[in-house]
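A note on names: the letters A, B, ... follow the listed sequences, proteins ahead of strands, and every chain is numbered from 1. Quick caveat, the model's predicted, so the values are computed rather than measured.
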Amino acid sequence: MLPYPSGKLHMGHVRNYSIGDALARYMWMRGHDVLHPMGWDAFGLPAENAALQRGQHPRDWTLSNIAQMKAQMYRLGFSIDWSREVATCEPQYYRWNQWFFIKMFERGLAYRKEALLNWCPECGTVLANEQVVNGCCWRHETTPVEQRAMRQWFLKTTAYAGELLDDMKELEGGWPERVLAMQRNWIGRSEGAEVDFTVDGSGEKVRIFTTRIDTIYGATCLILAPEHPLVSTLVTNEDDRLKIKEMIDATARQDPGNIEKLGLFTGAYAIHPFNGVRVPIWIGNFVLMGYGTGAIMAVPAHDQRDFEFCRSFDIAIAPVIRPVDGLLPVGEAMTEAWTGYGIVENSGEWSGLPSEEARIKMATYAKAHDFGAESITYRLKDWGISRQRYWGTPIPIIYCPTCGMVPVPESDLPVILPLDVQITGKGRSPLEAVPSFIDVPCPRCGEPARRESDTMDTFVDSSWYFYRYCDPHNDHAPFDSTAIAKWFPIDQYIGGITHAILHLIYSRFWTKVMRDLGLITNAEPAKNLFTQGMVLKDGSAMSKSKGNIVDPDEMTRKYGADTCRLYTLFAAPPERDMDWNESGVEGQYRFLARVYRLVTRLADRACEAPAQPRSSDRKALRKLHQTIAKITGDFDSRWHFNTSIASLMELVNELYSLETSLSPAPVAEICRTLTLLLGPFAPYTAQDLWEILGQTGPVFRQPWPISDPELAKEDMIEIPVQVNGKLRAHLYVPHETPVAELERMALALEKVKPFIAGKTVVKVIVVPGKLLNIVVR
RNA sequence: GCGGAUGUGGCGGAAUUGGCAGACGCACUGGAUUUAGGUUCCAGCGGGGGAAACUUCGUGAGAGUUCAAGUCUCUCCAUCCGCACCA
């Protein structure tokens, strides 16, 4: 069992690529310059995996593996602008990852610290907070992560927390609201104040964070997180220390969101900085060390959690906010906290002020007296990027006993992975056991030193791969800035919702860092984001643990790549989740076969001697041009390819029924156009038909067909006739029939007469070309 | 609890700007072709009533606006997703 992901192209990818590929092909046919690289997944994980399966060393995963990936993608019929190909696992890419890392290290944006980290026993590595899903690894959904204290490398995403949040304003409209909502939530900005309480006796300060400084006179105790550094000095009693340890363990075991409130009195008191009152210092498991300062003031009267805590430990409840409508909270008789804003009372000189005003004035006062200040807290944490894996970019740092942490000189980049490595999947990084890699001289003093053995999270690679695509063979910089200026920000990024707070935060962060390094000018990577729905099987997301995986390779062998792609586009609009249903796949297979038979038959027909035009020709051309208009409209507005494909099916059905009565003249044009329309969705079939029709060159380099409104226009229009909003009849009339004439005809209809007989026609509503409604009373 | 969505036949879905509800496909039924099965082709297919013409009800529930509501407004219900003791 190797400690590597068994990543493989799955149906979610196929759907993702089908959407992007259809769009790119359409844009090409419309004459646009499109850089259409497939996602990082296409190059990264599966290539690594394939290499491992063949027993190759990942260090050599370069062109041969890209070639293999190419073959896989081609087999699935995806087009990629190969002239700009790049793979994130090539040594050149390692080099620029390391180059960026050193730039960040020099600016304090990359740093190393000891921290409790999420450890996945299955991967044998640590994970970032964003990569933990329901307490489990994002790759191993049933393996709970463990907490381990380790020294690890972090990137300072928190330095950009405010900007990451503020710049979302520019993404509104272009990004799905739910992704923005998830990111807002994840960044978790909250405005408040920090206030220092002094420990009575020792004089030590306890800093707390609150969003409701206006309630501070209602603080009846302080509560520290069990992990708070002050706990060890306040609690000296062995029994209590044991209890605190138990508290931490018990909290970790429980279901999040439903954790029993545990508390312990430290025996110490703190001095309230506003009124000098001594308040007890408690320890509570509901206070999180990772948020704010890890300590709070408990205001039981105005915070529900504090209320529950103080109730169960018999701590005083002191209301200090009165609702504007004048009703007082009832103090000790309260059954729940009152969390609204109102008028401050029982609060010394601030009594009588509205909450909002008191907040500002009290924070100003705290600052003037040097015991606090306004403060903004974010929930976002720094991104832990160390991984104890073999594959991945080595972190370019050397530890020297005298010089400390020394970055690898730029001339020595890239640091590449050693070949002589034993991959056990156990314990620490496999690189630690490779002396030729680990033991190096210090670049500064030349004395023996040790190389960092951790490698970077692969989300580092995915954070900027799309920039490298613009200039993949550059060997003196990550890319040329002018190449970026041409393509960035990305006009349209397409991805799964699963990356809403992983990849999409990291890549936004990376973009801002690169901008501050002066490499690019855009502050955001992508103007527009489209998140396609998931591919479900039997109502739930496909996953290895559930065993409901549909293998694209197997489907391709059975039905062909075009069928799979067509089905992923047809089964639902792209933003919606779709259920995988194999009989639906067969429907698409039938459709493609039907098109193929039709076009090959008609190709022979086109060669027949010319004949008199027939009425069927007109009908077929009309449907053809209506279909062009429909599909063009779908591409230009909403990407509902399910309706595009439905309209292609309608066209094919119509051509089937007209087939025998068509004259040879329009047949060639109809076949060519049908093939071009099919091109973005089923490129293999389209290319095949294109050649059968005697044409040359790639279909997606042909101009997109243009709908002729005259040919698309119906001769006669059908107007529904309603009486009091109920459908009663239809009128078949020429286009420019005058309104008065329509009214006269409608009122004279045999089917209408019984419904208006004996009643007064109040008015007749005519919506030109649409409908006619007779209102009677 | 907070946030984001969604609700239409047996199923996936269509109705893009308030204007014929159910396009297209799947499943099903019948017919043609076939020794047979499969394939292919043709037809039917929301519920009730009717032999049929036709009629009536119908877009989670209830109200409202309108000549007209799946679509707009309000109230409620259900489901899904994300976050969740965030001070």
Side-chain angles (χ1 to χ4, degrees), chain A residues 133 176-186 188-190 192 208-212 215 223 225 251 256-261 284-288 290-299 302-306 308-309 339 377-379 497-498 500-501 533-534 536 539-541 566-567 570-573 575-588 590-591 593-594 597 630 633-634 637-638 640 642-650 652-653 656-657 718-730 751 762-767 769-777:
Chain A
V133 179
E177 188 47 47
R178 76 173 155 154
V179 172
L180 295 177
M182 281 163 83
Q183 292 211 356
R184 244 178 244 123
N185 202 326
W186 192 259
R189 178 190 156 102
S190 112
I208 61 103
F209 173 76
T210 178
T211 53
R212 291 296 302 273
T215 65
I223 308 174
T251 309
N258 192 26
I259 291 171
E260 192 195 346
K261 282 192 173 49
N285 66 334
F286 79 99
V287 179
L288 307 173
Y291 183 76
T293 58
I296 62 158
M297 62 173 193
V299 183
H302 304 295
D303 183 285
Q304 189 57 28
R305 294 152 305 179
D306 298 350
E308 284 163 22
F309 187 86
T339 57
T377 288
Y378 294 97
R379 212 173 68 99
I497 187 68
T498 44
I501 49 169
M534 287 184 297
L536 309 175
S540 57
L566 211 52
Y567 178 68
F570 180 75
E575 71 277 7
R576 206 183 296 187
D577 288 348
M578 59 165 279
D579 204 67
W580 188 268
N581 171 351
E582 196 161 333
S583 56
V585 180
E586 280 172 28
Q588 299 310 306
R590 276 202 285 270
F591 168 64
R594 236 167 109 78
R597 283 195 300 270
K630 165 73 185 152
D634 279 342
S637 61
R638 52 177 205 167
H640 279 200
N642 53 333
T643 60
S644 305
I645 294 165
S647 73
L648 272 176
M649 289 172 170
E650 282 186 60
V652 170
N653 290 348
Y656 259 76
S657 65
E718 183 186 16
I719 300 206
V721 176
Q722 299 179 338
V723 179
N724 283 350
K726 286 197 191 234
L727 181 69
R728 295 302 176 193
H730 287 97
K751 282 182 178 172
V762 181
K763 62 176 158 177
V764 179
I765 289 156
V766 182
V767 185
K770 282 265 172 129
L771 165 140
L772 186 149
N773 189 13
I774 302 164
V775 186
V776 297
R777 196 180 289 143

Generate the contact string for nucleotides 3-10 of chain B. Rules: B means base contact, S means sugar-phosphate contact only, - means no protein heavy atom under 4.0 Å.
SS------
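Using N1 to N3 plus N6-O4 or O6-N4 for Watson-Crick, or N1-O2 and O6-N3 for G-U wobble, each under 3.5 Å, rC28(B) pairs with rG44(B). Pair assignment for rG7(B): rC77(B), on the basis of Watson-Crick or G-U wobble contacts that are both within less than 3.5 Å. Using Watson-Crick or G-U wobble geometry with both donor-acceptor distances under 3.5 Å, rG50(B) finds no partner in any strand shown. Under the Watson-Crick or G-U wobble criterion, with both distances below 3.5 Å, rA23(B) is left unpaired in every strand shown. Across all strands shown, rU16(B) forms no Watson-Crick or G-U wobble pair with both distances under 3.5 Å. With a 3.5 Å ceiling on both atom-pair distances, rA36(B) lacks any Watson-Crick or G-U wobble partner. Of all nucleotides present, only rC2(B) satisfies the Watson-Crick or G-U wobble test against rG82(B), with each distance under 3.5 Å.
Atom NZ of residue Lys261(A) and atom CG of residue Asn285(A) lie 8.0 Å apart, to the nearest 0.5 angstrom. In this structure, the separation between CD on Gln588(A) and CZ on Arg590(A) is 9.5 Å, given to the nearest 0.5 Å.
In this structure, Phe309(A) reaches neither bases nor backbone, as no heavy-atom distance under 4.0 Å exists between it and the strands shown. At the heavy-atom level, Lys726(A) lies under 4.0 Å from the strands shown only through sugar-phosphate atoms. Among the protein residues, Arg189(A) comes within range of no part of the nucleic acid, since none of its heavy atoms lies under 4.0 Å from any strand. Residue Glu718(A) is classed as a base contact, given a heavy-atom separation below 4.0 Å to a base. Among the protein residues, Pro573(A) comes within range of the sugar-phosphate backbone only, with heavy atoms under 4.0 Å from sugar or phosphate atoms but none that close to a base. Contacts of Lys751(A) with the nucleic acid, taken as non-hydrogen atoms under 4.0 Å apart, involve only primed sugar atoms and P, OP1 or OP2. No contact: Gly292(A) has no heavy atom under 4.0 Å from any strand.
For Thr643(A), no side-chain nitrogen or oxygen approaches OP1 or OP2 of rG13(B) to under 4.0 Å. Look at Asn773(A) and you won't find any side-chain N or O under 4.0 angstrom from OP1 or OP2 of rC20(B). For Arg594(A) and rU39(B), the shortest distance from a side-chain N or O to OP1 or OP2 is not below 4.0 Å. Put simply, Arg590(A) has a side-chain N or O that comes within less than 4.0 Å of OP1 or OP2 on rA27(B). The shortest distance between the side-chain N/O atoms of Arg379(A) and the OP1/OP2 oxygens of rA84(B) is below 4.0 Å.
Distance CG (Asn653(A)) to P (rU40(B)): 13 Å, rounded to an integer number of Å. Remark: P of rG12(B) and CG of Asn642(A) are 14 Å apart, rounded to the nearest angstrom. Rounded to whole angstrom, the span from the CG atom of Leu180(A) across to the P atom of rC83(B) amounts to 16 Å. The interatomic distance linking Gln722(A) (CD) with rC20(B) (C1') rounds to 7 Å, in whole Å. Distance CD (Glu575(A)) to C1' (rA14(B)): 14 Å, rounded to an integer number of Å. As a whole-Å value, the separation of Asp577(A) CG from rG82(B) C1' is 13 Å. Rounded to a whole Å, the NE2 atom of His640(A) is 17 Å from the P atom of rG12(B). For the pair Ile774(A) CD1 and rC67(B) P, the computed distance is 16 Å after rounding to whole Å.
rG9(B): glycosidic angle within 90° of 0, hence syn.
Donor-acceptor pairing under 3.5 Å, judged by distance alone, is absent between the side chain of Lys770(A) and the base of rU17(B). In the interface, the side chain of Lys763(A) is not paired with the base of rC67(B) through any donor and acceptor atom under 3.5 Å apart.
Between Arg597(A) and Gly290(A), the residue anchored nearer the 5' end of RNA chain B, judged by the nucleotide with its closest heavy atom, is Arg597(A). Remark on RNA chain B: of its neighbouring residues Glu650(A) and Thr211(A), the 5'-side contact belongs to Glu650(A), judged by nearest-heavy-atom nucleotide.
For Ser190(A), the side chain to side chain contact (heavy atoms under 4.5 Å, CB included) partners at least two apart in sequence or on another chain are Phe209(A), Thr211(A), Tyr291(A).
Using C1' as the reference atom, rA78(B) and rU29(B) are 34 Å apart when rounded to the nearest Å. Look at the C1' atom in both rU55(B) and rU66(B): the space between them is 26 Å, to the nearest Å. Nucleotides rA63(B) and rU79(B), compared at atom P, are 23 Å apart to the nearest Å. Between the C1' atoms of rC20(B) and rU59(B), the separation comes to 15 Å (whole Å). For rG13(B) and rU8(B), the P atoms lie 9 Å apart once the distance is rounded to whole Å.
Side-chain proximity of Lys261(A) to the nucleotides rC85(B), rC42(B), rG25(B) is greatest for rC85(B).
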